[in-house]
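As the structure is a prediction and not an experimental result, all values here were calculated from the model.
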Amino acid sequence: MGSVITKETILQDNVYLKKLSGLEPVDDYDPFWNKLLSFSLKFDDEDEDTRNALESALDDHLQCLMYNTQTTGNFAAFIRLFLRRATELKASEQCENKIYLWQTSNALLILRYIARFLTQRMTEKEFVRIFAKNRESEENESSSTSSSSDEDADEDEESSNKQENGNYNNNEQTKEPSIVFQNTAEEFTYELVSILINISVNDTTLAIHVEAVRCLLTLLSSQLYNESIVNTSIVFRFFIDGACAQHAAGLTKTLLLNYLIHNSEYHMTVQKPQESIVFGLASSMWSMVQMATGLDSAEEEKKPPLTLGNLSILLLLNLSCHQPLNASNPFKETLALFQNAQEVSTLPTQVVSFKIDYNGLYERLCATAGQEPPMLLLYMLLQANSGFRNYVLSRINLENLVVPVLRILHDGVATSNNSHHVYLALIVALILSEDDIFCKIIHETPIKDLGWLDSDFSVREISLGGLTALVFIRAIQKNALKTKDRYLHTNCLAALANMSAFFKNLAPIVCQRLISLLDLLTKRHAKMVDHMRVSSQNDVAGGQPINFHDDITALEEGIRTLLEIINSALCGGLRHNTHLIYNLLYHRALFDAYVQHPMFQDLLVNIAAVISHFSSKVIHVPAGDGVTMLQIIEKEANVWPTDKLAKFPELKFRYVEDEYTVDFFVPYVWRLSVQHSGIHFETSRIKIFNAQSIA
């Protein structure tokens, strides 16, 4: 047979797949497995018809396997085979046994397809049970009781064979006896983690690492098929307080290093080593398997490339965002405590963690902040890891991180796409704005690459602080006119308020937009009040007037915050904000509307004083002579004593992660996994989020 499959009958009639999924038990020492694992992948990614036909044909075999393995134990035999091979993997990598490594990656690929199919159709408890030879033995394993089942005997024999082989490293030999696995599924999961930590990544092992990560994602994927958050997941418990938990620091470090280092695009074609012997039927039967993964080609062009680094971040996010019942998450804790490899830290820590190069991580995050998984990782690090947050805030090239974050917010609001990505960009900016040094530095950092801004912003150069303020003001304005998202509105205002005391040399466009935003909210407020009055007058017996109270309250809060921001800017840097003073004078009539409003009266004292003083100095300047006005304002601002301004409490808003963030992050992380892992989860079966939008 040839090596390229073009018809589904090749899979349907394949003798090896039939034997694996059939009614005949296959011993895990049977030569059959070598034949099954000796295949190469070669296919046309663009041929969607072939891909669909292949998946349909493959599913027939997997359907048979799902039912027959309950009695044959062939899936359990496959797992035992893999566990035995895993003990020899390190030695095979060191001696460059390419055939062995090639077959191991093929084994992981097949196991991933089987696991994907089964997790979509079985409960997690049923899925874990079939890792053993029969149901009875798995039940005994799960309850951690001793058993004389056939599975235990097989595992004892396997352990003996491992000792006889001696083909695995000494560390594994000393550690294995101390580990007590709840069941075979946990042992398999543990071996996948061990592979990622202990096997180096190179050309011959890259496929093994990619498939190990994908296998782990697939094992964890039962959450996809539940409408609510599952905090009692069996597989997740392996990582929370099971055998895998002891490697939380090692696995977290490995996954982060993969993200930093291994970013070459992974092509899903696995070629056989030149010196290997490929069995004809086995070669052809799997040569098109990988076509069952991914979305259509139009979707692929929009997504970041499939790399080991990107896959590793997806796994790390899944492990870190999960919240177990009545237990802490060691991966979330470890992510919050790792330190800079380039520094000697004095930060106290009671949890075993690790060190990594902060600069490499920072640069990588800067380069990939436009992608969703890295943005979520950035958020988690800034929110939880104080050491890394302080490192970021001390950078002299902050624009490399801030500008990509602002672009996400800018572009998302422009399309009214208030997605998770936009919200994360907003929260990242809010967290950064909490730091006073950050707020000072960004107003001293010039930005020239502004081609991505709206065409109505005729800006050639602006400070990073001015750009940040401009993007937030624009977001609030567009939100007020279109989506009316109160969360976006409130957090944008909070970030602006944090920055306001440090406003310095704001560009004219920023000051214009700030006052225009105040004018917009004022007009909308007046309109809402009129609507409420008319609605109340037109209320008829038995009817209910439209409730405008919430909208009016939100607008009043927004107006007050903007007036507080202006006050803060005047008190904190009057002499550095001449364009702001100019705009206050130009729009002085706007502030008359607030004088009699009880919610705003206290905030008009300073603004009225500034308008009164500077108006008296420019009263003789001819109308339209803006240059002369600005010169006079600048001169007066340098000599007018700001102690005449009333003092208000410092504006400072802080982001606090609430206890229900798991309801936000878990569905989001799984959406990212479906979109970016290259694993073809059946969207029609997904319940944790609306998968039809990405189908």
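Here the side chain of Asn329 pairs a donor or acceptor atom with the backbone of His322 at under 3.5 angstrom. Judged by distance alone, with hydrogens and angles left aside, the side-chain atoms of Ser222 form no donor-acceptor pair with the main-chain N or O of Glu124 at under 3.5 Å. The backbone N or O of Pro305 sits less than 3.5 Å from a side-chain atom of Asn310, completing a donor-acceptor pair. Formation of a donor-acceptor pair under 3.5 Å by the Ser677 side chain with backbone atoms of Val674 is not found in this model. Of the possible polar contacts, one joining the Asn74 side chain to the Leu20 backbone as a donor-acceptor pair under 3.5 Å is found. A donor-acceptor distance shorter than 3.5 angstrom exists from the side chain of Arg84 to the backbone of Asp28, with no hydrogens or angles considered.
Residues passing the salt bridge (Lys or Arg N to Asp or Glu O under 4.0 Å) test with Arg85: none are found, sequence neighbours excluded. With sequence neighbours excluded, the residues forming a side-chain hydrogen bond (donor to acceptor under 3.5 Å, both in side chains) with Thr205 are Asn202, listed by chain and number. Taking Lys253 as the reference, nothing meets the salt bridge (Lys or Arg N to Asp or Glu O under 4.0 Å) condition, with sequence neighbours excluded.
Counting only heavy atoms from C-beta outward, the side chains of Arg364 and Asn263 approach each other to under 4.5 Å.
By the 30° and 60° cut-offs, the orientation of the rings of Phe338 relative to Phe388 is tilted. Ring orientation note: the planes of His247 and Tyr190 are tilted relative to one another, at an angle of 30° to 60°.
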For Gln342 and Tyr358, what are the C-alpha separation, side-chain angles and deciding distance, and is it a side-chain hydrogen bond (donor to acceptor under 3.5 Å, both in side chains)?
CA-CA 8 Å; Gln342 305 303 319; Tyr358 276 3; over 6 Å; no
Should Arg214 and Glu211 be marked as a salt bridge (Lys or Arg N to Asp or Glu O under 4.0 Å) after you check the CA-CA gap, both sets of side-chain angles, and the distance that decides it?
CA-CA 5 Å; Arg214 285 166 141 180; Glu211 289 304 332; 3.1 Å; yes
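Inspection of the Glu93 and Ser200 side chains reveals an N or O donor paired with an N or O acceptor under 3.5 Å.
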